[in-house]
Structures are given as structure tokens and as C-alpha cells.
Amino acid sequence: MLYQFEFRTYQRKFKRALQTSHGIWQIRTGIILKLTDKNSQIGWGEIAPLSWFGSESFEQALDFCTSLSTHISEETIFSISDELPACQFGFESALSKEINAPPPAPPWQGGEKKMSQYSGLLPAGKISLSALQMLWKQGFRTFKWKIGVAVIEEELQVFQQLIEVMDDLCDREKAFLRLDANGGLNYSQAETWLQTCDDVARIPNFSVKIEFLEQPLSVTQFDKMLALTAVYKTPIALDESVANLDRIQECYNQGWRGIFVIKPAIAGSPSQLRKFCQTHNIDAVFSSVFETQIGKQAALNLATELFPNSRALGFGIDDWFDDNHSILDFGF
Ligand SMILES: O=C(O)CCC(=O)c1ccccc1C(=O)O
Ligand SMILES: [Mg+2]
């Protein structure tokens, strides 16, 4: 079967630039795909590359889309190179036709998931304290905070304030905090953070649980992260190290049984990812790459299918964009 293929690029501006240990990110660029079959049935997909994470770049994805003809087959889609994982995701999602019209309803308006099933993303630094209050009011009870951005002494201080504020907000319920270093710590800093988190777990009557430390060290230091899991109680989650399915498989084969952060939009072919997750019992956290509702819906559908009762979903990022200063033209 041949599909008529059309695409549009988009640009979305962050309200406040995303700061990670990789640097500062101001604008999210991506591509919306539209496939129309011979019965005029439409499937939508999204390519949201993250080149600093190891996926193809926006330019490479755009070159690929431009190189295709206006009518493409399933064979073309299922033979997209593994070098283009975000394209594999976008085209396969469009093929599945599960997303009917852009933009699909936000998941929390559909009623199938509550805010408490998402993790809200806090900005790096002290401003996280006011962001926490806002996200708490919206119903989030799991939060992720970026570390490895400022000097460690400063971040440890904000961390103590953050968990105190969280504990004060808790009324019999529990709250969870994830720390994401984006590979920006050295070994001794990683030890300091893990020890600090282990200490939090021993505070009597404390309502805040440190769920995990995400990607403390760089991708090249897999063995060291594996070693750290044997020393500290606080779990470690790999993110950059498992950016695509090949890397997920590699880390699994090298003995990783800690948490895997899966970002479906850059992980590669969803059908291959499905196969892997169905044959290996992994502890997974699904996470956003700041895709639009189209990619997000496809990613969440996969997450819910594969891990129906999993950890909070890392898709609590809706407040991050300023769409009055964005170019989002889905009017095909
Ligand atoms: O995972 C989440 O909760 C939010 C998404 C997130 O942190 C993220 C978003 C875009 C790029 C990288 C990352 C990351 O996890 O490092
Ligand atoms: Mg991360």
C-alpha cells in the first residue's frame, strides 16, 4: 500500500530556556508527518530529534524527509536506517493511525491518567522552589530536578530546601523526587549525591522519597555507574547511556538491571522497542523529549501498552513552552 506523504516543520520557544549540564536549549524544532492512505485515512507522526543526546539532528531528519517522494510504502518506513531513530519513531507512529487529528487531547483531559501519574519537570537552580509550588497545585506528586548545572555546594543547599518544602506540602501522602545530572557529575560528586540521597531515606517521618539519580556520569563511564549501584541504596537510572534501542540492548547485555529511561521519540522503531520490552523484564521510566502532542500521544500509548502500572511518566512538561512565540502550523 502506498501512502501520500506530507510534512511540516515546527519551532517552539521555551518560556525559560532549558538548562542542563549539556548547555542551554532555547528552541525545540521538529517535523510533523502526515500519511494519507488510499481510503483517505490519515495518520500523524512526529520527528523530534535530540542530537545532543545521540539521535540524528533536525537537519538530517529534514534531509531524509525531503529525499522521499510524495508517495511512500510501508517497506520504505520499515527500512529507515538505525542512524535515524527519531525518523523511525515518527514514520512508524504515523503508520499506526492511532492519532487521528492534531492536536489530540492532552492525556489528563481524556481522564485515563491523573497528574499524579506524571512527573513534573522542575527547572535547575533556586527557581525550582517556586516551580514546585505551582506543579504541586496542579496535582503532581513526582518531580524531576536538573542538577550538575551549578556548583555542587550550591545545588546541595537548594536540594535541602526543596525536599523540606516538599515534605511540608505533604499531608499524609508521599512525594517523589528524581535528580537528573545529565552526565554532568564526576565520580566523587556522584558519591556525594548518592550518600545525600541515602541519608534522606533515613530521616524519620519524612514524606519525601528520592526515587533515583539519573545519569550521574557521562556515557563513557558505564562501568563506574554499574559499580555505584552496588554501593548505594538510591537507585540509578540510565538516560543518555540508553538513548536508543541499540544502546538499551548493549547496557542490558553488560549487566544493567537498574532503571532505564526510555524516550520513545528517539529510541528508534517502536515495534522493535516493543519486542525488546516484551522479552526482557526491565525497570523502565518513560520520558519526553519536548515533543508536541502528536509525538507525546504516540509515546504515551506505547508506555501504557508496555508498562501499564509503571513509574510516573516523565511527560510533565506542558508549561515549558511559550506558544505565542512558536511556529506551529499543522494546517496541511
Ligand atoms: O524525563 C522527564 O521527566 C522530563 C524530560 C527530560 O528531563 C528531558 C527532556 C528533554 C531532553 C532530555 C531530558 C532528560 O531527561 O535529560
Ligand atoms: Mg535525563
Side-chain angles (χ1 to χ4, degrees), residues 1-12 28-51 53-105 243-249 262-278 286 288-306 326-332:
M1 157 119 83
L2 280 180
Y3 294 85
Q4 188 200 341
F5 166 54
E6 294 163 86
F7 66 94
R8 294 281 186 280
T9 62
Y10 71 81
Q11 282 187 24
R12 290 181 96 188
R28 187 339 139 228
T29 53
I31 304 169
I32 301 298
L33 312 175
K34 182 184 181 186
L35 296 182
T36 309
D37 71 15
K38 64 175 188 320
N39 302 317
S40 302
Q41 288 255 53
I42 295 170
W44 298 94
E46 177 175 354
I47 306 174
L50 209 57
S51 57
F53 232 76
S55 88
E56 72 272 47
S57 65
F58 169 77
E59 288 75 21
Q60 286 171 309
L62 188 57
D63 282 349
F64 177 72
C65 291
T66 311
S67 76
L68 295 175
S69 62
T70 57
H71 287 83
I72 61 172
S73 65
E74 289 193 13
E75 289 71 52
T76 306
I77 290 172
F78 285 101
S79 56
I80 298 175
S81 154
D82 289 345
E83 314 269 280
L84 301 171
C87 291
Q88 290 178 330
F89 171 81
F91 280 92
E92 264 192 57
S93 324
L95 208 52
S96 75
K97 295 197 195 75
E98 51 194 11
I99 302 151
N100 293 314
N244 58 51
L245 186 56
D246 283 347
R247 300 224 205 125
I248 293 173
Q249 249 155 339
I262 298 181
K263 292 174 156 55
I266 56 164
S269 155
S271 54
Q272 296 294 321
L273 180 63
R274 179 181 287 116
K275 261 190 221 156
F276 179 83
C277 291
Q278 285 169 346
F286 278 73
S288 150
V289 294
F290 292 105
E291 56 286 85
T292 72
Q293 286 296 336
I294 292 174
K296 182 175 183 170
Q297 198 60 62
L300 288 174
N301 288 349
L302 198 62
T304 323
E305 176 201 333
L306 297 173
S326 298
I327 304 167
L328 277 162
D329 173 21
F330 298 160
F332 281 86

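Values below: every heavy atom of this structure, side chains too, minus hydrogens, waters and symmetry copies.
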Value rounded to 0.5 Å, distance of [atom1] in [X] from [atom2] in [Y]:
| X | Y | atom1 | atom2 | answer |
| --- | --- | --- | --- | --- |
| Leu306 | Ile262 | CG | CD1 | 8.0 Å |
| Glu6 | Lys34 | CD | NZ | 5.0 Å |
| Glu291 | Gln297 | CD | CD | 11.0 Å |
| Glu46 | Phe7 | CD | CZ | 14.5 Å |
| Ser79 | Glu74 | OG | CD | 11.5 Å |
| Ile80 | Glu92 | CD1 | CD | 7.5 Å |

Could you tell me whether the side chain of [Y] reaches within less than 4.5 Å of the side chain of [X], counting heavy atoms only?
| X | Y | value |
| --- | --- | --- |
| Leu35 | Ile77 | yes |
| Phe58 | Ile47 | no |
| Thr292 | Leu328 | yes |
| Pro49 | Ile266 | no |
| Leu33 | Ile31 | yes |
| Ser326 | Tyr10 | no |
| Leu50 | Arg28 | yes |
| Leu95 | Tyr3 | yes |

Side-chain (Gln88) to main-chain (Ser269) donor-acceptor, under 3.5 angstrom: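 Present.
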
Please check if the side chain of Thr76 supplies one atom and the backbone of Ile72 the other of a donor-acceptor pair under 3.5 Å.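 No, the answer is negative, given that no donor and acceptor are paired below the 3.5 Å cut-off.
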
Counting only heavy atoms not in Gln249 (residues, nucleotides, ligands), do more than 12 fall under 6.0 Å from its CD?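 Enclosed.
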
Residues two or more places apart in sequence or in another chain: which of them pass ring pair (Phe, Tyr, Trp, His ring centres under 6.0 Å) with Phe276?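 Partners of Phe276 by the ring pair (Phe, Tyr, Trp, His ring centres under 6.0 Å) criterion, ordered by chain and then number, come out as Tyr252, His280.
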
Let me see the working for Arg274 and Glu305 under salt bridge (charged side-chain N to carboxylate O under 4.0 Å, His left out), right down to the final yes or no. CA-CA 9 Å; Arg274 179 181 287 116; Glu305 176 201 333; 2.8 Å; yes

If you compare all heavy atoms of Val289 against all heavy atoms of Ala265, which two are closest, and at what distance to 0.1 Å?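 Shortest heavy-atom separation between Val289 and Ala265 comes out as CG2-CB, 3.6 Å.
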
Closest non-hydrogen atom pair between Ala267 and Pro85, with its separation: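 Answer, listing the atom of Ala267 first, then Pro85: C-CB, 4.3 Å.
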
Any side-chain donor paired with an acceptor under 3.5 Å for [X] and [Y]?
| X | Y | result |
| --- | --- | --- |
| Thr29 | Gln11 | no |
| Ser93 | Ser96 | no |
| Gln41 | Thr36 | no |
| Glu56 | Ser51 | no |

Ring pair (Phe, Tyr, Trp, His ring centres under 6.0 Å) pairs, two or more places apart, involving residues 74-93: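 Checked against ring pair (Phe, Tyr, Trp, His ring centres under 6.0 Å) - neighbours excluded - the pairs reaching residues 74-93 are Phe5-Phe91, Phe64-Phe91.
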
Mind checking what makes side chain to side chain contact (heavy atoms under 4.5 Å, CB included) contact with Glu59, not counting sequence neighbours?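 Listed in chain order: Ser57.
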
Would you check, one step at a time, whether the test side-chain contact (heavy atoms from CB on, under 4.5 Å) holds for Trp44 with Ile32? CA-CA 7 Å; Trp44 298 94; Ile32 301 298; 3.9 Å; yes

For Leu273 and Ile248, what are the C-alpha separation, side-chain angles and deciding distance, and is it a side-chain contact (heavy atoms from CB on, under 4.5 Å)? CA-CA 9 Å; Leu273 180 63; Ile248 293 173; 4.2 Å; yes

